[in-house]
Amino acid sequence: MAIVYQEENRIFTLQTNHTTYQMKIDDFGFLLHLYYGGRVDGTMDYLLTYYDRGFSGNPYEAGNDRTYSMDVLPQEYPTMGIGDFRNSALIIQNHDESECCDLRYAGHDICKGKYELPGLPAVHAKVQDAETLMIMLEDKVSKVRVRLLYGVLEKEDIITRSAEIINGGNSGIVVEKAASANLDFLSGTYDLVSFYGRHAMERNIQRTQIAHGSHVIGSRRGTSSHQYNPAVIIAGQDTTEDNGSCYGMLFVYSGNFMCEAEKDQYHQTRVMMGLQSDLFHYPLLPEERLVVPETVLCYSDKGFGDLSVKYHHCIREHLCRGSYKNQPRPILINSWEAAYFNFNGETILELAKDAVGLGIDMVVMDDGWFGKRRDDNSGLGDWQVNEEKLGSTLGELIDRVNEIGVKFGIWIEPEMVSEDSELYRAHPDWALQIPGRKSVRGRNQLVLDFSREEVRNYVFHQICDVLDQGKIEYVKWDMNRSITDIYSSVDSQGKVAYDYVLGVYDFLEKLTERYSDILLEGCSGGGGRFDAGMLYYTPQIWCSDNTDALDRLRIQYGTSFFYPMSAIGAHVSAVPNHQTGRSISLRTRGIVAMTGAFGYELSLAKLSGEEKEEVRQQVGEYKRYERLICEGNYYRLSNPFLDEYAAWMHVSEDKKQALVHVVMLENHGNMTVNYVKMRGLLSDAVYEETQSGRNYYGSALMEAGIPMPVEAGEYLAYRFVFRVVDRSV
Ligand code: GLA
């Protein structure tokens with residue numbers, strides 16, 4: 001039993017293989033958080049202390065006992081208005097405009113299997129692999145109910161949390177703020193590790209001490225954003241890749257979010273993850289409910305490396321779905337950096353012809369194949385094939401690509417409309433716009449109001465008409481601007497940002513149902529919507545519009561803390577690189593792109609015979625190691641923001657095979673020697689490095705590492721393949 005309720009002391013205990021999570025219903029019916037961390041036995045309510053705390057509110061029922069205050073006690077779901085002046089997980093505006101919500105225990109239920117969330121992505125598991133706890137809390141006056149949901153995946157060390165806010169009263173309320181998970185820590189000093197960035201430079205890593213006050217990250221951009229990823233780690237100050245305690249909070253949502261990390265007056269720490277409260281003002285009529293997207297929690301006492309392995313496994317097995325979940329992904333050549341808008345049917349066929357000889361599986365026709373899409377100023381919304389440009393119907397083009405021996409994939413951007421489009425001319429009111437104001441433009445395009453079903457349905461049918469024209473085996477779903485002009489002509493303004501995201505999910509759900517064999521790749525100007533919500537529908541996401549190998553090393557490093565390699569779209573592009581102007585060797589570009597779902601994004605015709613041969617080899621190598629790369633345990637072996645080299649490795653589940661890649665980031669005269677230490681191997685097994693034939697003990701590889709060659713050259717890349725051999729060193 002992963003979930004146990006002890007009636008005598010009203011304590012809930014959630015156990016996973018290595019962690020324990022505990023909470024208690026106190027004498028007044030408040031749900032207090034007792035503990036989350038490494039596995040413990042017994043009840044942890046001895047940790048609660050009570051002292052008279054001046055200026056901290058006391059609940060009325062406490063009578064003259066001034067030692068009882070919600071301002072100090074650790075809570076599961078802190079709310080506004082009950083004498084807790086720290087950040088609230090929930091703020092409700094009642095019918096009388098008061099902002100108080102006093103939640104007390106009103107019942108619970110424990111069942112087998114993992115709960116699902118209507119209309120929202122969520123971790124899934126077989127019935128026998130998970131348990132669910134539902135705790136109902138209620139405000140006796142307003143009759144607002146909150147159903148806290150906990151999913152426990154015992155073997156994975158994963159606990160998920162979500163909340164449903166239900167208006168059980170008989171007048172309207174407004175949800176002003178709602179988080180799905182709150183973690184209160186009674187003691188300790190913690191760092192917050194978060195991932196910030198910008199377009200083409202996503203997921204840099206920041207580690208800061210959680211200090212007094214509140215540190216807030218999030219998005220108001222309508223998507224999870226390039227700027228802050230909806231995933232954070234709360235780490236002990238000494239935590240490293242291999243050692244120390246760390247907690248992950250991963251939000252399974254693709255829209256506006258907010259994570260607040262706060263240290264209070266008694267040095268207690270509170271971290272919560274949930275919906276962004278700006279641009280959010282969600283009215284609920286009687287009996288209506290709001291579901292707060294899920295947060296996936298995980299704890300490890302073995303450092304960031306172990307935490308990442310656990311999240312990777314959880315996302316691959318329990319979030320991704322569909323026929324490509326555990327299947328090799330096609331190696332693709334994408335037309336974007338090869339030709340941008342400047343292509344026709346012949347260009348696509350040429351790419352296919354070049355691809356087939358090199359072993360590349362699929363050609364993807366990126367932006368520019370529809371409507372009057374001459375450049376990025378027009379055409380979005382008109383999902384009719386530009387047959388004049390292609391020189392044939394889409395079906396004919398696909399047939400010819402298939403005859404060459406290559407699969408076909410296509411790019412779409414369903415959420416958008418250009419003002420210069422037939423769609424906009426016919427339905428200007430379908431774009432998000434505030435009456436009387438000029439729109440804020442982004443890439444000269446407007447955002448369709450996907451919170452409206454009729455708008456989604458129209459686009460859905462347009463897209464289906466395209467996908468039905470031939471054997472399309474891959475779709476890249478793009479979204480190329482931040483959302484502004486939040487306004488609905490048909491519904492309450494404060495709902496739009498959230499309902500929009502649910503609209504996108506609804507569309508994706510229908511699309512994946514109807515085309516269950518199509519591989520979907522998410523994209524938003526590269527990695528602007530790289531989140532666990534999207535991975536529920538699209539098992540891979542284009543990691544960044546930046547394909548420069550050096551920058552990509554760092555972007556992929558940051559991405560790897562939560563997201564598995566199979567989710568990371570990574571391509572080899574031309575040099576000088578189109579984003580940075582940097583020229584890095586084809587070998588290094590290949591090795592960097594081989595960290596994820598691999599492909600190419602350049603004109604194959606422009607490659608020399610020698611380069612083509614190298615590409616052929618890369619494709620072969622990727623196919624050989626694809627399983628290991630995408631399904632093995634991934635370990636970071638350096639910090640490419642700090643170290644002289646970037647190194648990472650993939651280890652098979654049985655630990656008998658490992659692939660190590662190293663890229664030298666610095667080279668100097670009379671260069672010092674760098675030693676790369678491995679992770680995740682069997683200490684007492686003997687590994688052969690297959691190229692040199694040298695044998696090493698796993699312990700030696702992990703404790704002392706191997707020396708990197710000192711060689712002249714920029715960004716030199718190395719590959720080491722290790723396999724366990726049945727002999728001694
Ligand atoms: C975005 C994507 C690119 C490409 C272009 C097309 O920027 O990230 O990969 O598809 O759009 O307009």
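All residue numbers refer to positions in the sequence shown, counting from 1. Whatever order the structure lists them in is the order used to number ligands and atoms, beginning at 1.
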* Asked: Which heavy atom of the protein is the closest neighbour of atom 4 (C) of ligand 1, given with residue, atom name and distance?
  -> Asp366 OD1, 3.4 Å
* To do: Measure centre to centre between the rings of Tyr600 and Phe598, then say whether the value is under 6.0 Å.
  => yes
* Of all the non-hydrogen atoms in the protein, which one sits nearest to atom 9 (O) of ligand 1, and at what distance? -> Lys476 NZ, 2.7 Å
* **Interfacing atoms of ligand 1 (cut-off 4.0 Å, heavy-atom, Trp336)** => 3 (C), 4 (C), 5 (C), 6 (C), 9 (O), 12 (O)
* Taking the side chain as every heavy atom from C-beta outward, state whether Gln384 and Glu422 have any pair of such atoms under 4.5 Å apart. => no
* Can you find a non-hydrogen atom of Arg443 under 4.0 Å from ligand 1? -> yes
* Structure fact -> Ranked by distance from atom 8 (O) of ligand 1, the top protein heavy atom is Asp545 OD1, 2.4 Å
* Asked: Is there side-chain contact between Thr223 and Met479, with at least one heavy-atom pair below 4.5 Å?
  -> yes
* Could you check atom 2 (C) of ligand 1 against the protein and tell me its nearest heavy-atom contact, residue, atom and distance included? => Asp478 OD2, 3.1 Å
* Aromatic ring proximity Tyr634/His650, centre distance under 6.0 Å -> yes
* Asked: Do Ser566 and Arg316 have a side chain donor and acceptor closer than 3.5 Å?
  -> no
* To do: Any atoms of ligand 1 less than 4.0 Å from a non-hydrogen atom of Gly525? List them with their elements.
  => 7 (O), 8 (O)
* Asked: Where is the nearest protein heavy atom to atom 12 (O) of ligand 1: which residue, which atom, and how far?
  -> Asp367 OD2, 2.6 Å
* Structure fact -> Contact region, Asn480 to ligand 1, non-hydrogen atoms below 4.0 Å, reads side chain
* Measure from NZ or CZ of Arg552 to the centre of the six-membered ring of Trp542 and say whether it is under 6.0 Å with the direction within 45° of the ring axis. => yes
* Just jot down the ligand 1 atoms closer than 4.0 angstrom to any heavy atom of Cys523, in number order. => 2 (C), 8 (O)
* To do: With heavy atoms of Gly526 as the reference, note each atom of ligand 1 found under 4.0 Å away.
  => 8 (O)
* To do: Measure from the ring center of His661 to the ring center of Tyr625 and say whether it is less than 6.0 Å.
  => no
* Has Arg636 got its NZ or CZ under 6.0 Å from the middle of the six-membered ring of Phe561, at an angle within 45 degrees of the ring axis? -> yes
